[in-house]
Amino acid sequence: MIEYRTFRNADPPGLAALWHACRLGRGAIDELTPDIFDALVLAQPYFDPRGLIIAHEDRRIVGFAHAGFAAEADESALDRASGVICAVLVHPEYRRRKVGTTLVRRAEAYLREKGAGTIHAGPAPGRDPFYVGLYGGVRPVGFLESDPDAAPFFGALGYTLAERHGVFERETSESHDPMHFRLLTIRRNMQLAAAPAPETASWWWFTRFGRLDSARFLLVPKKAGAPVAAITAVGLELYHCKWQAQAAGVTELEVVAGQARKGYGQALVLEVCRRLRQEAITRLASHAPESNAAAVALLQSVGFERVDTGLVYRK
């Protein structure tokens with residue numbers, strides 16, 4: 001008989017075993033261990049055992065759903081009015097037995113009890129309290145289209161599609177680097193600088209990217225002057241077995257107000273690619289919401305190709 005309960009301290013080995021049994025798609029790491037799960041999920045300061053609902057039979061974990069919350073606009077605390085179902089996994093032998101439905105209903109009840117008025121299914125930027133570094137590549141952008149079970153499952157539970165995010169990759173070889181006069185001019189006048197974190201890094205940033213091998217790259221004038229663009233680079237060592245490549249991701253690209261449409265964003269991504277190429281990184285991953293046509297165009301202009309789509313559902 002399948003029973004349901006909340007997380008217990010002895011659960012990580014069973015959760016890791018379930019992760020592997022589900023054979024998740026290209027967007028999930030292959031070698032999830034209890035230690036990795038502890039470091040990137042359980043150690044989060046806002047982790048609540050009541051938000052991680054377990055389905056088990058005869059002491060065997062056969063499913064789980066994990067619910068959390070988005071961040072406030074200033075990223076200083078959780079926004080408990082905005083709930084997120086970050087993960088739903090059911091062992092292949094236990095599917096079509098309403099296990100996933102029961103897990104989601106219990107996760108929804110937990111979120112509503114905590115004050116959530118809106119619930120999103122699929123973590124995405126600003127609403128990704130868990131699984132950064134474990135699912136989605138450089139960061140989660142919903143449930144990936146390459147995992148096809150999510151769409152019909154959440155549709156049957158009353159969720160509607162709310163967001164689509166493009167997932168992009170490129171090899172770091174020089175053959176993917178565009179070159180034109182404006183980029184040459186920027187390279188003559190600008191240089192790359194690095195810092196371990198953004199100058200104004202928020203509490204939310206540190207809870208997620210602060211737990212990974214990450215750095216903030218800046219495009220700064222060779223002569224005196226403030227940075228004109230910045231981007232976060234994240235090491236993706238945990239994806240080595242799945243992708244058979246030394247990979248890194250780039251995210252959170254920002255161009256200073258008043259400096260847009262001058263090629264600085266494009267130049268910065270290319271300079272970061274060159275720097276990572278020197279560090280033996282062979283593949284770069286990134287993402288952009290389909291609603292941001294400029295971001296999609298920028299990634300494509302520097303050699304990124306779309307490899308997947310992240311889908312976020314809302315209720």
Side-chain angles (χ1 to χ4, degrees), residues 7 11-44 47 52 54 61-68 84-92 121-125 127-150 165-172 207-215 232-252 276 279-287 304 306-312:
F7 172 82
D11 286 335
L15 294 171
L18 175 63
W19 182 281
H20 297 141
C22 288
R23 297 184 179 276
L24 302 172
R26 59 167 305 282
I29 70 166
D30 263 348
E31 297 186 346
L32 180 69
T33 66
D35 286 345
I36 292 172
F37 193 81
D38 180 71
L40 297 183
V41 179
L42 304 181
Q44 293 290 20
F47 173 74
L52 182 49
I54 306 289
I61 294 178
V62 300
F64 79 84
H66 196 175
V84 188
I85 295 177
C86 300
V88 183
L89 277 74
V90 177
H91 194 285
R127 300 187 303 271
D128 51 357
F130 301 106
Y131 303 97
V132 175
L134 302 179
Y135 185 82
V138 63
R139 72 188 302 175
V141 285
F143 294 114
L144 296 180
E145 205 166 48
S146 55
D147 294 328
D149 294 334
H165 296 257
V167 179
F168 298 86
E169 290 181 3
R170 66 155 283 180
E171 304 303 313
T172 60
T207 63
R208 289 140 49 262
F209 296 120
R211 296 182 181 276
L212 301 170
D213 180 17
S214 60
T232 297
V234 182
L236 300 178
E237 296 88 351
L238 295 177
Y239 282 90
H240 179 72
C241 289
K242 175 61 70 70
W243 294 351
Q244 292 296 297
Q246 296 291 341
V250 288
T251 185
E252 298 188 324
L276 295 177
E279 303 296 328
I281 297 297
T282 60
R283 184 178 300 177
L284 275 183
S286 193
H287 62 90
F304 280 83
R306 188 162 181 161
V307 296
D308 212 333
T309 301
L311 306 173
V312 178

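Note that the numbering runs from 1 along the sequence shown for the chain.
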[Y] and [X], any side-chain heavy atoms less than 4.5 Å apart:
| X | Y | result |
| --- | --- | --- |
| Phe47 | Phe7 | yes |
| Thr207 | Val132 | no |
| Leu15 | Leu32 | no |
| Val90 | Cys22 | no |
| Val41 | His66 | yes |
| His240 | Glu31 | no |
| Trp243 | Glu169 | yes |

Strictly distance-based, threshold 3.5 Å: is any side-chain N or O of [X] a donor or acceptor partner for the main-chain N or O of [Y]?
| X | Y | value |
| --- | --- | --- |
| Tyr135 | Leu144 | yes |
| Ser214 | Phe209 | yes |
| Thr282 | Ala245 | no |
| Asp308 | Ser146 | yes |
| Ser286 | Val250 | yes |
| Tyr239 | Gly27 | yes |

[atom1]-[atom2] distance between [X] and [Y], expressed to the nearest 0.5 angstrom:
| X | Y | atom1 | atom2 | answer |
| --- | --- | --- | --- | --- |
| Leu276 | Gln246 | CG | CD | 12.0 Å |
| Leu236 | Arg139 | CG | CZ | 12.5 Å |
| Phe37 | Leu134 | CZ | CG | 8.0 Å |
| Phe130 | Ile85 | CZ | CD1 | 13.0 Å |
| Lys242 | Asp30 | NZ | CG | 4.0 Å |
| Leu89 | Asp147 | CG | CG | 9.0 Å |

Which atom pair, heavy atoms only, marks the closest approach of [X] to [Y]?
| X | Y | value |
| --- | --- | --- |
| Arg211 | Gln44 | NE-OE1, 3.0 Å |
| Ala21 | Pro92 | O-CG, 3.5 Å |
| Ile281 | Ala248 | CG2-N, 3.8 Å |
| Cys86 | Pro129 | SG-CG, 3.7 Å |
| Phe143 | Ala150 | CB-CB, 3.8 Å |

Aromatic plane relationship, Tyr131 with Trp19 - under 30° parallel, 30 to 60° tilted, over 60° perpendicular: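 It falls in the parallel class, under 30°.
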Criterion side-chain contact (heavy atoms from CB on, under 4.5 Å) on Arg26 and Val167, from CA distance to verdict: CA-CA 11 Å; Arg26 59 167 305 282; Val167 179; 4.2 Å; yes
Between His287 and Phe304, does the ring centre distance come in under 6.0 Å?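 No, the ring centres sit 6.0 Å or more apart.
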Could you walk me through whether Leu52 and Asp11 pass the side-chain contact (heavy atoms from CB on, under 4.5 Å) check? CA-CA 11 Å; Leu52 182 49; Asp11 286 335; over 6 Å; no
Quick one, Leu40 with Leu238, criterion side-chain contact (heavy atoms from CB on, under 4.5 Å). Give me CA distance, side-chain angles, the key distance, then yes/no. CA-CA 12 Å; Leu40 297 183; Leu238 295 177; 4.0 Å; yes
